[in-house]
Trainee: 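Structure incoming, see below.
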Amino acid sequence: MTTADLPVREGNAGIPPREARDWWRDAVVYQIYPRSFSDSDGDGLGDLPGIRARLPYLRDLGVDAIWLSPFYPSPLLDGGYDVADPRDVDSRLGSVADLRGIVEDSHALGLRVFVDVVPNHFSWDHQWFKEALATAPGSPQWARFHAVRGKGAHGELPPNNWPSAFGGPAWSAIPGHAGWWYLHLFDSSQPDVNWENQEIHDDYAATLRFWFDLGVDGFRIDVAHSLIKAPGYPDGPEPDATQVFAGNEQGPAWDQPRVHEVWREWRTFADSYDPPRVFVGEAWVRSVESQAAYTRPDELHTTFNFHFLKAYWSAEAITEVVGLSLQTSAAVGAPPTWVLSNHDVWRPVTRFAPVLADGSHDLVTGRKRALAMSLLSLALPGSAYLYQGEELGLPEVLDLPDEARQDPTWFRTNGDVVGRDGCRVPIPWSSDEPSYGFSTGTPWLPQPTDWAELSVEAQEVDPASTLATYRRALAARRESPVLGDGELVWLESGQPDVLAMERPGDAPVLVLLNAGEADRVLEYAGEILVESGGVHRDDEGALVLPPDSCVWLARA
Ligand code: NOJ
Ligand code: MG
């Protein structure tokens with residue numbers, strides 16, 4: 001496919017000026033993984049006071065909003081996505097008052113705040129699951145979960161073949177009640193709740209209300225495509241062990257049509273607030289079309305675009321996924337979102353790095369490609385997500401010792417799938433303090449020994465650093481009347497592997513990305529607003545794009 005085959009959307013009609021648009025349509029949202037961001041009390045776990053103290057850093061970075069991954073009381077068997085009480089804060093991470101402080105300070109700094117809600121499951125430490133365990137299946141307490149009779153003469157086999165997304169079966173035996181099983185699409189410590197039960201609807205409404213009333217601007221919804229299971233729990237496709245946490249879930253436990261009823265209910269509730277509150281859904285569904293269904297006008301405002309995240313380093317692949325994403329979101333009137341990184345996937349620096357003959361990763365190239373992709377995504381219409389440390393160009397930590405690993409996939413696959421700890425290593429703030437200024441104690445995951453030069457402190461004083469480039473890009477995005485929500489026009493660059501697009505309008509911006517292996521020389525005029533990878537003008541004034549580079553030009 002060439003850019004010529006892609007939909008071209010002419011003009012800038014229909015997009016209101018920035019001041020008049022809904023903020024979430026083109027917000028840049030920074031994801032904080034609280035345990036790994038900043039530790040204020042030396043216990044090695046990042047915490048809410050640590051986050052609060054660093055908010056000015058995020059304001060200076062130039063993002064519009066923050067999203068906090070779970071900070072709720074939790075046994076931390078799935079990094080906090082195993083929630084024991086959704087209306088409280090884990091005492092190791094702080095208090096509800098600390099969260100209120102974060103919201104107040106963020107708002108004073110001009111930042112919006114998203115928090116996480118996990119509607120598919122509770123932790124097995126949740127009071128309701130403890131109450132269920134104290135009763136027999138069939139009780140009202142068990143009706144809040146999925147307690148199902150097993151197969152086989154005595155129910156000794158799981159009710160069906162559904163796999164846990166973390167490996168192994170999605171069913172565990174209910175202790176003391178032979179032949180009965182409970183459902184967990186994730187870890188056995190995360191029992192799925194039953195959305196056929198009104199109590200679950202009411203309880204989640206109470207959770208939304210609790211945090212909305214405290215001032216949060218929106219929720220990121222965990223696994224927004226599960227919740228409803230096909231009636232009768234029928235078998236699904238044969239489980240594929242190679243697909244553990246691959247974002248490829250399918251079958252009767254996923255993406256069921258009636259899940260959309262829940263999102264309509266939630267949307268009505270969010271709209272009852274002034275100003276209306278906002279949702280971004282996590283839905284790793286298989287097609288862009290089914291993803292778009294979640295952002296119909298009466299459902300979620302946005303969903304993460306994981307198709308973009310899965311694109312590999314090729315002009316064709318990137319062009320295709322951008323085009324499809326724009327087309328599909330336009331069909332439902334929702335802005336697209338651009339995600340390159342989060343707490344579940346390999347960091348892009350390593351993902352995009354060529355693998356060398358000795359099996360190691362060429363991180364220098366990987367870092368250039370990741371930055372070029374970020375510049376591209378920040379120039380696309382819609383909203384963008386950054387995951388903490390992405391702005392520092394951190395790589396995936398691949399050599400964590402086995403005994404440090406905490407991801408449930410590691411345990412449920414007996415180490416076959418190492419899991420997601422490598423992108424959750426605490427981030428480096430300074431170059432020569434213990435744990436790079438993350439904590440005065442021992443970080444919950446060990447940090448590499450060569451991160452001093454990647455610290456915020458080191459990069460802040462280097463105008464050529466990844467951090468400095470992000471700051472320039474985010475500042476330019478804010479100032480530009482055409483970046484953010486709006487139209488995009490593909491151009492033929494006339495050069496192999498060079499993507500070219502324009503954001504049209506009063507002060508048009510041209511975006512070029514070289515995904516090829518050679519320098520490309522182009523004749524475009526215009527001031528270089530932001531670049532990565534060494535884009536420059538040669539002696540004749542022609543624009544030179546080295547491999548793995550990206551540039552934003554003020555179109556002359
Ligand atoms: C998606 C979250 O991003 C991930 O970290 C978590 O393990 C699963 N949902 C289960 O809650
Ligand atoms: Mg702490």
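Ligands are counted one by one from 1 in listed order, and the atoms in each one are counted from 1 as well.
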Trainee: Given that the side chain starts at C-beta and the backbone is N, CA, C, O, which of these parts of H184 lies under 4.0 Å from ligand 1, counting heavy atoms, or is it both or neither?
Mentor: neither
Trainee: Parallel, tilted or perpendicular for Y436 and W451, by the 30°/60° rule?
Mentor: tilted
Trainee: Heavy-atom distances under 4.0 Å decide this one: backbone, side chain, both or neither, for Q31 against ligand 1?
Mentor: neither
Trainee: Could you list which atoms of ligand 1 come closer than 4.0 Å to a heavy atom of R420?
Mentor: 4 (C), 5 (O), 6 (C), 7 (O)
Trainee: Aromatic ring centroids of W346 and Y387 under 6.0 Å?
Mentor: no
Trainee: Just to be sure I'm reading this right: ignoring hydrogens, which of I221, D344, V118 gets closest to atom 4 (C) of ligand 1? Compare them by their nearest heavy atoms.
Mentor: D344
Trainee: If hydrogens are left out, which of N120, V83, D222 has an atom nearest to atom 9 (N) of ligand 1, that is, the closest non-hydrogen atom?
Mentor: D222
Trainee: Just need the protein heavy atom nearest to atom 6 (C) of ligand 1, so name the residue and atom and give the distance.
Mentor: D78 OD2, 3.4 Å
Trainee: Tell me every residue that passes ring-ring contact (aromatic ring centres under 6.0 Å, His included) with Y81, counting only those two or more places apart in sequence or in another chain.
Mentor: H343
Trainee: Pull up every protein N/O/S atom sitting under 2.8 Å from the Mg ion (ligand 2), skipping waters.
Mentor: D39 OD1, D41 OD1, D43 OD1, L45 O, D47 OD2
Trainee: In this structure, is the centre-to-centre distance between the rings of F145 and Y182 below 6.0 Å?
Mentor: no
Trainee: Mark up the atoms of ligand 1 that fall under 4.0 Å of a heavy atom belonging to H121, in ascending order.
Mentor: 10 (C), 11 (O)
